[in-house]
Each structure stands twice: as C-alpha cells, then as structure tokens.
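Here the structure comes first, spelled out in structure tokens, and everything after it is commentary.
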Amino acid sequence: MKRKIIVGAGIAAALLLGGGGYYYYTMSAAEQSAQATTTVAAARMDIKSTVEATGTIQPVDSVEVSSKITARINAVLVKENDTVTAGQTVATLDGKDYEAKRDQAQYRVTNTRAKYNRMSYLAGIGAKSQQDLEDAAYNYETAQSTLEEAVSDANETIITAPISGVVVGEPKTAGTMAVQGSDNPTVIMRIADLSRKQIKAKVDETDIGSVRVGQEATFTVDAFSDQKFTARVAKISQTDVSNSWDTSSTSASSSSSSSASVIYYYVTLDVDDPENLLLPAMTARVVINTADKSDALVVPLAALKTDANGSYVMVMKEDGTEEQRYVETGIYSDEFVEILSGLGEGEQVVNTYTAKQAAVHIDNGPPPF
C-alpha cells in the first residue's frame, strides 16, 4: 500500500511539473510575440523619396587626337596636364614623303595646264579635234584633284587641338608610327574639357520610372568621402545598357543572358564642381531626389502590409483590438511611407519591428490537466 502511495505521488508530481512547464512555455511564447509588436501614431512630417545609383565621373567634351595619314611622329609639343586651346599645334608628323607627292602633283598640274591651253588653241583653228580637247581638259582636271589631295595630306602632318581643354594621360612619344584608320587608329593624345563634367550612372529598372530630367541629386566619391557634391539629371537613356530588347543582335542577347535578367538604364547627370576637385573615372555614389513632400501624413514602412487587395495597416483600437485598414500610399522614403487616404493623423497602427518567434512544440499527446 505504501509503495502504491509513493508511485501515485510521483505520478502526480510529474503531471504537476508537466502542466507548469506547458503553461510557462505557452505564456513565454505569447510574451515573445507580444514584445515583437508595438504601435506608432500616424504623424505628419517632411518626406523625401530618393533613388540610389552608382556611376562614373567623365568630362562632357573629350576627344582622341589621331592622324588622318600614316606617318611617323616627328615631335610632340605638349605633355600631360598641359592646357591647350582649339587650333593650337600639339604635334607634327614626318611629312617628307607627302611634301614630295605634293611637289609632283604641282608639276603635273603645270604640265597638263600647258597642254590644255595648247590643245585649246589648236582646236580653235581646226588643227585638233574636239575629242583631243576634251582629253586634255580631263587630264588637267584630274591633275588638279590629285594636287588638292596631296596638299591636304601634307597639311595633315600638322596636328592641332580640335577643342580647348587639358591633355589627359601621357601623349605618344616622338618616333612612334601614327597609323590612320577608322577602326583602330593610333591615338596620339587625349584632350578633355574638365571645366564641365558628368556622371554616367546605372539605375535599376525598378527605379527608372521615378527619375525625371531636371531632378536634383547629391553624390560622394571616395577621394573626398566627407564632402557632398551636387548634380542634376540631364538625360535618361531610352534603352537598357545591354540593348537586351534587340533580339537581332547576338552580342546583346548573350550580354542580356549573362546579366541574369538584371536590367539597368544609363542616367546622365550634370555635375557642379566649381573647385575642379573631381577627376575622370572616379566612382560616384549618387542619390537622386525623385520626390519631395512637406507636412505629409506618414507611417513607418514596417507598419505597411500588402495583399491581393492592396496596401493596408493594422489599426489598434482603444479597446485593444486590431482592425485591418486599406490605405492609399504616396511617396516612399528609406523609413517612412506617405498615406494619402484611409488613415487619420494620430491613429495608432501596429508596427512590427521584429519577426515573431515561432513556438517549437513536440507533440507528445494532449497537454496535462
């Protein structure tokens, strides 16, 4: 009998401990869930919507100076960082061969002109036919064209700056062969107008719809990390950076597939740099101000939820119950969203700032009584 009493007491104690543990477990889970939820009042404040992008500093005007003829560089008259003006001689080429061709072409013009004049006289007195006169005229005109080309080539041995600006990078040295061509000509030097700069930034397709020409922007560069520069949107490209829409282009198709369907558009911004601190190729981290609203009714982004019917917030009533309220939203900032309708100023909304911790429960049957 005593042994049965002891066993029964043990079972009762186990049931009591199990019930207490279950109660503590459920209350702790409920407390954690409650701690993850707070409320915040819908309030009015100034709100700004922005788009972030990364781009590269580049001059508005820059040119690659190359030769229209193939010749060895005779002299380079400028060096890196020199300031030049449009029309200034910056290099000369070895022009002996072209000067010789010019002289030969000049002699041929003189010779064919004399023949044409003599033939014209003889044809006038009937000693030569009209055909002979026309042949002489043709030879004379051909010689003139050849001379014009030879003079033009000889003049191309003098290389002048096409724009005013600064020589960026080291020019080619004297003795280098300057090769003409439209595909891969020898670049003798590069000249850029550094008084006007731009940023060519890549904007994601999800943000490009809110970017407009004329919008203000700020940006930073690593060289001056503690300083903010200003810029304005000047141009928005009408095609993505890879031209992925052009299915006729093999390169565009391969480029599009390699980018894993991430679509970007180029946005060009005019830069304000009165101190001339920025250098070409610097990386700019741009923040474009796409919308600005003062005294807007806002709630934290964490309070806004969406479903198939639209955006909504959970309004906390005075009696402690929650009401699902659909709202119309305006602009978004990094932390807040504007509410256009569906919610009044001062109303309390549920702001879930931490995910609710899910209870882990091993089912060993019904809870003890």
Side-chain angles (χ1 to χ4, degrees), residues 45-64 81 163 165-166 168-169 190-246 252 255-256 258-296 298 300-302 304 329-338:
M45 62 180 292
D46 297 340
I47 186 172
K48 180 184 294 185
S49 180
T50 60
V51 167
E52 297 183 2
T54 301
T56 305
I57 303 290
Q58 58 186 29
V60 175
D61 295 318
S62 64
V63 293
E64 293 182 339
N81 295 338
I163 65 171
V166 176
V168 291
R190 291 176 172 83
I191 299 175
D193 179 7
L194 298 182
S195 64
R196 297 190 302 148
K197 304 183 184 76
Q198 291 180 328
I199 299 173
K200 193 171 184 179
K202 293 199 303 183
V203 176
D204 190 281
E205 65 173 322
T206 58
D207 296 323
I208 196 66
S210 57
V211 178
R212 299 287 183 273
V213 172
Q215 289 173 339
E216 300 292 329
T218 60
F219 67 94
T220 59
V221 295
D222 290 338
F224 308 98
S225 57
D226 58 343
Q227 184 172 351
K228 277 191 175 182
F229 299 86
T230 58
R232 289 169 304 281
V233 176
K235 183 175 64 176
I236 303 170
S237 179
Q238 299 301 300
T239 182
D240 63 286
V241 298
S242 301
N243 290 323
S244 57
W245 58 273
D246 186 4
S255 176
S256 175
S258 63
S259 64
S261 300
V262 178
I263 303 298
Y264 293 96
Y265 292 84
Y266 280 126
V267 173
T268 304
L269 302 97
D270 289 332
V271 171
D272 297 321
D273 183 25
E275 299 180 38
N276 202 27
L277 298 176
L278 303 173
L279 300 177
M282 283 184 171
T283 299
R285 294 166 181 82
V286 185
V287 178
I288 304 173
N289 183 16
T290 57
D292 214 332
K293 184 74 74 72
S294 59
D295 197 35
V298 302
L301 285 174
L304 187 68
T329 60
I331 66 175
Y332 289 73
S333 72
D334 291 338
E335 299 179 8
F336 297 93
V337 57
E338 179 189 14

Practice task
Measure the OG-CE distance between S333 and M45 for me, rounded to the nearest 0.5 Å.
Solution key: 6.5 Å
Handout entry: Non-hydrogen side-chain atoms of V221 and L278 separated by less than 4.5 Å
Key = yes
Practice task
For residues T268 and I199, determine if any side-chain heavy atom of one lies less than 4.5 Å from a side-chain heavy atom of the other.
Solution key: no
Fill in the blank from the handout: Taking every heavy atom of V337 against every heavy atom of P300, the minimum-distance pair comes out as CG1-O, 4.4 Å
Exercise for the section: Would you indicate whether the side-chain heavy atoms of I191 and V166 approach each other to under 4.5 Å? Expected result: no
Practice task
Would you please say whether a donor-acceptor pair under 3.5 Å links the side chains of N289 and E216?
Solution key: no
Handout entry: Audit row: F219, T54, side-chain contact (heavy atoms from CB on, under 4.5 Å) steps and yes/no
Key = CA-CA 9 Å; F219 67 94; T54 301; over 6 Å; no
If you look only at distance, which donor and acceptor atoms sit under 3.5 Å apart when one is on a side chain in residues 46-53 and the other is two or more places apart or in another chain?
| unit_1 | atom_1 | unit_2 | atom_2 | d |
| --- | --- | --- | --- | --- |
| D46 | OD1 | D295 | N | 3.0 |
| S49 | OG | T290 | OG1 | 3.3 |
| S49 | OG | Y332 | O | 3.0 |

Problem - Test log, rule side-chain contact (heavy atoms from CB on, under 4.5 Å), inputs Q215 and L269 - result: CA-CA 9 Å; Q215 289 173 339; L269 302 97; over 6 Å; no
Problem - Min side-chain heavy-atom separation Q198-I57 under 4.5 Å - result: no
Practice task
Among residues two or more places apart or on two chains, list those pairs meeting salt bridge (Lys or Arg N to Asp or Glu O under 4.0 Å) that have a residue in residues 190-213.
Solution key: D61-R196, E64-R190, K197-D273
Exercise for the section: Name all pairs fulfilling the side-chain hydrogen bond (donor to acceptor under 3.5 Å, both in side chains) condition that reach into residues 227-241, sequence neighbours left out, sorted by first residue then second. Expected result: T230-D272, R232-D272, T239-N243, T239-W245, D240-S244
Handout entry: Atom of V267, atom of V203 and distance for their closest heavy-atom approach
Key = CG2-CG2, 3.5 Å
Exercise for the section: Mind telling me whether F224 and F229 have parallel, tilted or perpendicular rings, with 30° and 60° as the class edges? Expected result: perpendicular
Completion exercise
Value for CD1 (I331) from OG (S210), rounded to nearest 0.5 Å, stands at 10.5 Å
